[in-house]
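All values derive from a computational prediction rather than experimental measurement. Below, chain A is the first sequence line, B the second, and so on; all start at residue 1. Below, all heavy atoms of this structure are taken into account, side chains as well, without hydrogens, waters or symmetry copies.
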Protein chains: 2
Amino acid sequence: MSSATNYQADVLKSIAQATRLKIIDFLRNGERCVCEIFPAIDEEQSNTSRHLAYMQTHGILSRRKDGVKIYYAVKHPEVFEIIDRATTIAKRESEARIGLFSGAERR
Amino acid sequence: MSSATNYQADVLKSIAQATRLKIIDFLRNGERCVCEIFPAIDEEQSNTSRHLAYMQTHGILSRRKDGVKIYYAVKHPEVFEIIDRATTIAKRESEARIGLFSGAERR
DNA sequence: AGCATATATGATTATACATTCATATAATAA
DNA sequence: TTATTATATGAATGTATAATCATATATGCT
């Protein structure tokens with residue numbers, strides 16, 4: 001199998017998960033420490049830590065240590081562009097689905 | 001949980017998989033039938049059919065029937081933009097990793 | 001009607017993933 | 001040194017996912 005395709009899939013898999021999307025969204029305003037992230041997204045510290053580690057390992061997040069605290073940030077602006085486009089698709093699709101119902105008056 | 005986040009995740013999950021990426025890439029030049037797709041990406045007919053159905057259900061692909069043949073196409077141009085950005089990230093990361101090794105002469 | 005081709009699907013298996021709880025480790029403060 | 005706070009991780013569990021084989025269904029052809 002094309003390993004280029006596998007790398008692409010790995011990058012996208014690092015984003016394509018609800019908890020990770022919440023984390024990334026919270027990081028839109030820049031670097032935050034774990035202690036700020038997990039209460040903000042309402043997930044367990046443990047689970048949050050695992051997702052952060054996953055994304056860092058896969059090159060999506062950067063990691064900076066300052067004393068006891070670990071600060072994570074989104075490393076590539078393209079990550080936000082990807083999410084914005086996914087949002088566009090999701091919106092367009094959900095509108096299309098609504099249209100199927102209310103669309104009795106089909107032009 | 002925010003269901004908006006779950007929809008975004010669903011859209012991205014429909015793309016974030018090696019076999020599906022191969023399919024989408026093959027569909028860059030437009031609509032193709034199943035009988036063209038599975039030999040092109042070198043996967044079983046059965047497995048290809050499942051992934052096509054998955055992506056169609058999740059609003060990523062359109063589906064058109066013509067006789068015995070079923071033609072699939074990528075429905076939203078944003079899908080390609082997402083993949084292109086994932087490719088950019090994957091490339092940048094793999095270059096950074098190479099740099100870690102060869103980078104003895106660090107400027 | 002019978003046959004060939006295209007696509008889909010049930011059942012199964014193996015693997016990966018997300019989450020939780022409890023606990024380990026590291027840094028700092030008292 | 002002990003206590004406290006921040007983060008990570010082992011073990012366990014449940015659930016989802018991908019792939020395969022065999023077979024069903026649908027269409028069109030002879």
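- Heavy-atom neighbours of D84(A) CG from other residues, nucleotides or ligands within 6.0 Å: above the threshold of 12.
- Taking atom CG of residue N47(A) and atom P of nucleotide dC21(C), one finds them 11 Å apart after rounding to whole Å.
- Nearest-nucleotide positions on DNA chain D for A16(B) and V68(B) put A16(B) closer to the 5' end.
- Neither I37(A) nor Y71(A) shares a network with the other; the hydrophobic side chains, linked directly or stepwise wherever heavy atoms of I, L, V, M, F, W or Y lie under 4.5 Å apart, form separate groups for each.
- The shortest heavy-atom contact between L27(B) and Y72(B) is CD2-O, 3.6 Å.
- Rounded to whole Å, atom C1' of dA18(C) lies 12 Å from atom CD1 of I23(A).
- Atom CZ of R50(A) and atom P of dT23(C) are 15 Å apart (whole Å).
- Judged by distance alone, the side chain of H76(A) and the main-chain N or O of G59(A) form a donor-acceptor pair under 3.5 Å.
- When each of Y54(A) and C35(B) is assigned the nucleotide of DNA chain C bearing its nearest heavy atom, the one mapping closer to the 5' terminus is C35(B).
- One atom, NZ of K13(B), and another, P of dT17(D), lie 6 Å apart when rounded to the nearest Å.
- A salt bridge does not link E95(B) with K91(B): every distance from a Lys NZ or Arg NE/NH1/NH2 to an Asp or Glu carboxylate oxygen is 4.0 Å or more.
- Taking atom NZ of residue K65(A) and atom C1' of nucleotide dA8(D), one finds them 11 Å apart after rounding to whole Å.
- Heavy-atom nearest nucleotides on DNA chain C were determined for R20(A) and for G67(A), and the one closer to the 5' end corresponds to R20(A).
- For H51(A) and dC17(C), the shortest distance from a side-chain N or O to OP1 or OP2 is not below 4.0 Å.
- If you measure from atom CD of Q45(B) to atom P of dA6(C), you get 10 Å, rounded to the nearest angstrom.
- Residue S49(A) has no polar side-chain atom (N or O) positioned under 4.0 Å from OP1 or OP2 of dT9(D).
- Set against dT19(C), dT20(C), dT7(C), the side chain of C33(B) has dT7(C) as its closest nucleotide.
- The phosphate of dT7(D) has neither OP1 nor OP2 within less than 4.0 Å of any side-chain N or O from R64(A).
- One can place CG of N6(A) at 13 Å from P of dA16(C), the figure rounded to the nearest angstrom.
- Among the heavy atoms of the strands lying under 4.0 Å from Y72(B) are primed sugar atoms or P, OP1, OP2 only; no base atom is included.
- Listed candidates were dC21(C), dA6(D), dC21(D). Nearest to the side chain of K69(A) is dA6(D).
- Between the side chain of S46(A) and the base of dT9(D), a donor-acceptor pair under 3.5 Å is found.
- The interatomic distance linking L52(A) (CG) with dT7(D) (P) rounds to 9 Å, in whole Å.
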